[in-house]
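Accompanying notes for the structure given below.
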Amino acid sequence: MTIPWLTVLWLIPAVSSIAVMLLPARRTVSAKQVAIGAALLTLVWSIVVATQFDIGDGKFQLVEDVSWIPAFGARYSLALDGIGLALILLTVVLTPILLLAGWRDADSTADDAGSPRRVHTYLALMLAVEAMVLMSFVAIDVLLFYIFFEAMLVPMYFLIGGFGSATEQARSRAALKFLLYNLFGGLIMMASVIGLYVVSAQSNLGNDGGGTFSFTALQAAARTGGLDASSTTMNIIFLGFVFAFAVKAPLWPLHTWLPDAAVSTTPAAAVMMMAVMDKVGTFAMLRFCIGLFPEASETFAPVISTLAVISIVYGAICAVGQRDVMRLIAYSSISHFGFIVLGIFALTSQGQSGSTLYMVNHGLSTAALFLIAGFLVTQRGTALIADYGGVQKLAPILAGTFLVAGMATLSLPGLAPFVSEFLVIIGTFTRYPVAAIIATSALVLSAMYILWTYQRMMGGPVRKSATVDTGSDTQIVDLNLRQKAVVAPLIVGLLVLGIFPQLALNYINPAVDHSHQPPAVERSVTIGPADSSVEGPR
């Protein structure tokens with residue numbers, strides 16, 4: 001009997017989110033325990049899945065294929081390659097950390113904190129986002145991917161609008177802006193998905209001579225010239241996909257929803273959005289845009305690379321000028337996403353391997369920096385940088401870990417983001433040297449906003465305002481045991497991947513190399529009727 005490894009992977013958090021909501025309203029502690037237990041079980045299952053993965057094989061593995069909507073040629077097709085595996089491991093590692101970091105978030109957040117099922121709802125939404133992100137990383141049916149790409153907006157919308165220290169009006173505005181931007185991108189993508197299906201039907205790619213949504217069948221036809229469509233048609237379809245993914249990434253000038261959403265919700269939910277969910281956008285650029293539209297990718301690569309460079313510089317400049325530490329970190333993420341997109345559309349193996357590794361490393365560094373800042377802001381009750389000073393004297397562990405996470409953000413050698421950023425710049429320089437040089441100059445800006453922020457908040461004399469506002473002079477306290485348990489694995493991950501990046505690149509490189517080669521037709525492992533367009537392990 002074939003074990004449906006990937007189906008179980010996303011079903012664990014999906015079913016657990018429902019189970020949490022079914023618990024009695026008064027069982028808030030039990031709900032938290034079930035949620036973290038489910039997240040840890042997903043992590044364990046992912047490790048088992050990784051042991052089933054052939055590390056040297058860049059092709060799709062652990063394939064599951066079932067007929068879904070025969071009339072449209074849509075199938076429930078899941079498969080895993082090294083790129084997807086790296087991002088899955090990032091997701092399953094971060095989720096229990098975020099649930100632990102936000103242990104009290106739903107207890108204390110704003111206007112309707114007395115809601116009897118508030119904690120249950122928060123936990124269920126976090127698990128639902130995890131489930132949908134995991135599904136997006138393994139779906140190799142374009143329609144199936146699109147459904148989950150859009151569906152994950154719903155739980156994230158409620159996380160932004162319903163939880164956080166911002167006012168209800170600010171949260172509602174940020175959530176609506178997030179939803180409108182991403183839904184508009186999704187509508188454009190839906191038109192492109194339909195267009196791609198029509199092209200596949202004209203090309204008789206389906207098993208019955210009709211259309212198909214199979215990624216592998218479409219990819220093979222795209223590489224061999226088997227798609228019966230003009231270059232203009234393919235370019236238009238490509239732009240629809242790129243637009244949707246650029247909104248979610250986010251890429252300048254489609255980025256404006258991110259800072260508002262990040263500062264309006266809880267730190268844990270913001271990290272789930274920036275470090276996990278937004279990676280689906282850049283992952284999809286690499287898989288679907290590059291995989292299905294090789295000629296259009298070549299055509300528009302200079303334009304997209306230019307937008308990526310603008311994102312890098314713009315995000316860094318905006319970060320320098322921020323007075324709110326949480327908004328500063330959000331703008332720094334826009335800059336980092338620019339590096340990821342730049343590496344993808346450099347169209348070199350080095351650039352794309354660096355981008356994939358950057359997705360993982362950015363997830364770790366942003367999670368560490370945002371959560372540590374969140375712990376501090378929760379104590380003080382303000383995110384304004386000017387309200388802090390001398391924190392390193394009051395909370396040396398908090399200040400020290402903030403410095404390490406900040407150094408990782410500016411790509412200090414020896415920490416994880418350095419290798420990925422180096423690969424992106426080297427891979428870009430071989431094709432677009434001017435873009436690589438301009439992107440490199442943004443590193444100076446990164447050093448400015450991180451070191452200046454650290455100096456103002458952590459260094460200098462202790463400010464009188466750097467106290468807990470409880471009517472007494474109780475000072476800011478250092479990380480407690482739970483917070484140390486949150487931060488420690490993130491710092492360890494930044495150090496380990498900084499010294500041994502090959503741990504991740506061993507999985508990523510074969511998949512990237514394979515994406516530049518004509519696909520080989522292989523035997524499928526199926527559940528139900530076979531689909532010859534889906535590749536499987538040997």
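Bear in mind the structure is a predicted one, so any value in this text is a computation, not a measurement.
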> Does a donor on one side chain sit under 3.5 Å from an acceptor on the other, for Gln322 and Tyr331?
Replying inline: no

>> Looking at every non-hydrogen atom in both residues, tell me the closest pair between Ser332 and Ala319 and how far apart they are.
In response: N-CB, 4.2 Å

> Going by distance alone, is a donor N or O of one side chain under 3.5 Å from an acceptor N or O of the other, for Gln392 and Tyr454?
Replying inline: yes

> What's the verdict on side-chain hydrogen bond (donor to acceptor under 3.5 Å, both in side chains) for His255 and Tyr314, showing C-alpha distance, side-chain angles and the deciding distance?
Replying inline: CA-CA 11 Å; His255 66 283; Tyr314 171 85; 3.2 Å; yes

>> If you compare all heavy atoms of Val20 against all heavy atoms of His120, which two are closest, and at what distance to 0.1 Å?
In response: O-CD2, 3.2 Å

Just distance, no hydrogens or angles: give the donor-acceptor pairs under 3.5 Å from side chains in residues 493-506, sequence neighbours left out.
unit_1, atom_1, unit_2, atom_2, d
Gln502, NE2, Asn506, OD1, 3.1
Asn506, ND2, Gln502, O, 3.0

> Do you know which two heavy atoms are closest between Ile372 and Ala405, and how far apart they sit?
Replying inline: CD1-CB, 4.5 Å

>> We want to know whether Tyr432 and Thr306 form a side-chain donor-acceptor pair, criterion being a heavy-atom distance below 3.5 angstrom.
In response: no

> Taking only residues two or more places apart in sequence or in another chain, which ones pass ring pair (Phe, Tyr, Trp, His ring centres under 6.0 Å) with His362?
Replying inline: His336, Phe337

> Can you name the ring pair (Phe, Tyr, Trp, His ring centres under 6.0 Å) partners of Phe137, sequence neighbours left out?
Replying inline: Phe283

> Between Gly186 and Glu150, what is the shortest heavy-atom contact and its length?
Replying inline: CA-OE2, 3.3 Å

> Which atoms form the tightest heavy-atom contact between Ile12 and Ala38, and what is the distance?
Replying inline: CG2-O, 3.7 Å

>> Nearest 0.5 angstrom please: Met152 CE to Leu125 CG, how far?
In response: 14.0 Å

> Are Phe245 and Phe149 near enough that their ring centres are under 6.0 Å apart?
Replying inline: yes

